[in-house]
Amino acid sequence: MRILYAADYNEMSRKAANLIAAQVILKPDCVLGLATGSSPLGTYKCLIEGYEKGDLDFSRCSAANLDEYCGLTKDNDQSYAYFMYENLFKHINIDMANTNIPDGTNADAEAECKRYDAAVAALGGVDIQLLGIGHNGHIGFNEPADSFAKGTHCVALTQRTIDANTRFFARREDVPTHAYTMGIKTIMSAKKILLIASGAEKAPIIYEMAAGPIVPSVPASVLQLHNDVTIVADAAALSVLLEKAPELVEGAPKA
Ligand code: GLP
């Protein structure tokens, strides 16, 4: 696991976008594993700029998203399908037919999870998987659990995650309680993983993820077992790690 220092959110976003851009340039028909949340917004802005400048061509890329809320239609402005279209896809030249996201409206969880696993497998796997991290260490929507879930599955969101998501919904009762998410095995099958984190509230979990034991109660800790993981985090998100294990962080200014 390499942990790269960024001064702030903007620098984190530029560094992450540069790593994704390198993948797109080196393999124009690559499979991008994409994420939602506030963390990747700046990264997507930088990728859009790269496309607008003529530096990046997404026409041969495919995309597979991590997760989707159950019960939300694609045109619901809180669905992850809507998020991806509004914040990335509509601004670049990716073919929408090559974008994949679980279908939150499919009430048959078993069928939907099977379909999504098959769709990702048909792409030949993910070349670079972008991840954010939840305060409790969740990746995608793999919540803390007693064991690591493998393939795409339906999860009951924890109260902490529901609370964190409430800010995006008009009414508390509108916040979905379940989601479909790629499993840990699917995420770990990506050739490269790029996790981004920003802000002091992520600092304790970044420390646990990188320096703590590998346990399903901190789902992101499993990333320590992958051989090509890059974390790009800003100074605030790295603050605990910099205090307790500064040798794990590359590029931080000397104290
Ligand atoms: C949601 C998403 C995750 C994301 C997390 C953190 O739970 N399913 O993929 O990493 O939120 O979001 P943020 O980046 O807004 O802190």
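Numbers here simply count residues along the sequence, with the first being 1. We count ligands from 1, going down the list as the structure has it; atoms in each ligand are counted the same way.
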Close N or O approach (Ser38, ligand 1; < 3.5 Å): yes
Proximity flag His135 to ligand 1, non-hydrogen atoms under 4.0 Å: no
Under 3.5 Å donor-acceptor, Tyr180 side chain and Asn106 backbone: yes
Donor on one side chain, acceptor on other, Asp57 and Asn93, under 3.5 Å: yes
Numbered atoms of ligand 1 (with element) below 4.0 Å of Lys202, judged on heavy atoms: 13 (P), 16 (O)
Side chain, backbone, both or neither: the part of Arg160 lying under 4.0 Å from ligand 1 by heavy atom: neither
Top protein contact for atom 6 (C) of ligand 1, by heavy-atom distance: Ile133 O, 3.6 Å
Protein heavy-atom partner closest to atom 7 (O) of ligand 1 - residue, atom, separation in Å: His138 NE2, 2.8 Å
Lys244 to Tyr207 six-membered ring, cation-pi geometry met (6.0 Å, 45°): yes
Among Pro40, Gly132, Ala197, closest by any non-hydrogen atom to atom 10 (O) of ligand 1: Gly132
Qualifying residue, where the test is side-chain contact (heavy atoms from CB on, under 4.5 Å) with Val126 and the options are Ile187, Leu34, Val120, Leu66: Val120
Atoms in ligand 1 flagged as close to Tyr80, the criterion being non-hydrogen separation under 4.0 Å: 1 (C), 2 (C), 8 (N)
Interfacing atoms of ligand 1 (cut-off 4.0 Å, heavy-atom, Phe141): 1 (C), 7 (O), 8 (N)
Glu68 side chain vs Ile101 backbone, donor-acceptor pair below 3.5 Å: no
Atom 4 (C) of ligand 1: nearest protein contact (heavy atom, Å): Thr36 O, 4.0 Å
Beyond-backbone contact of Ile184 with Ile139, side-chain heavy atoms, under 4.5 angstrom: yes
The single option from Asp67, Thr186, Asp117, Thr181 passing side-chain hydrogen bond (donor to acceptor under 3.5 Å, both in side chains) against Thr152: Asp117
Best match, Asp67, Thr158, Leu157: closest heavy atom to atom 8 (N) of ligand 1: Asp67
Test log, rule salt bridge (charged side-chain N to carboxylate O under 4.0 Å, His left out), inputs Lys15 and Glu11: CA-CA 6 Å; Lys15 284 188 171 169; Glu11 191 180 317; 3.2 Å; yes
Distance filter under 4.0 Å to Ser39 heavy atoms, resulting ligand 1 atoms: 13 (P), 14 (O), 16 (O)
Ligand 1 contact by Met182, heavy-atom criterion under 4.0 angstrom: no
From the candidates Gly140, Ala35, Gly37, Gly134, the one that places a heavy atom nearest atom 3 (C) of ligand 1: Gly140
Lys192 side chain to Gln129 backbone, donor-acceptor under 3.5 Å: no
Single hit among Val240, Val249, Leu195 for side-chain contact (heavy atoms from CB on, under 4.5 Å) with Ile206: Leu195
Ligand-residue contact atoms, ligand 1 with Arg167, heavy atoms, under 4.0 Å: 15 (O)
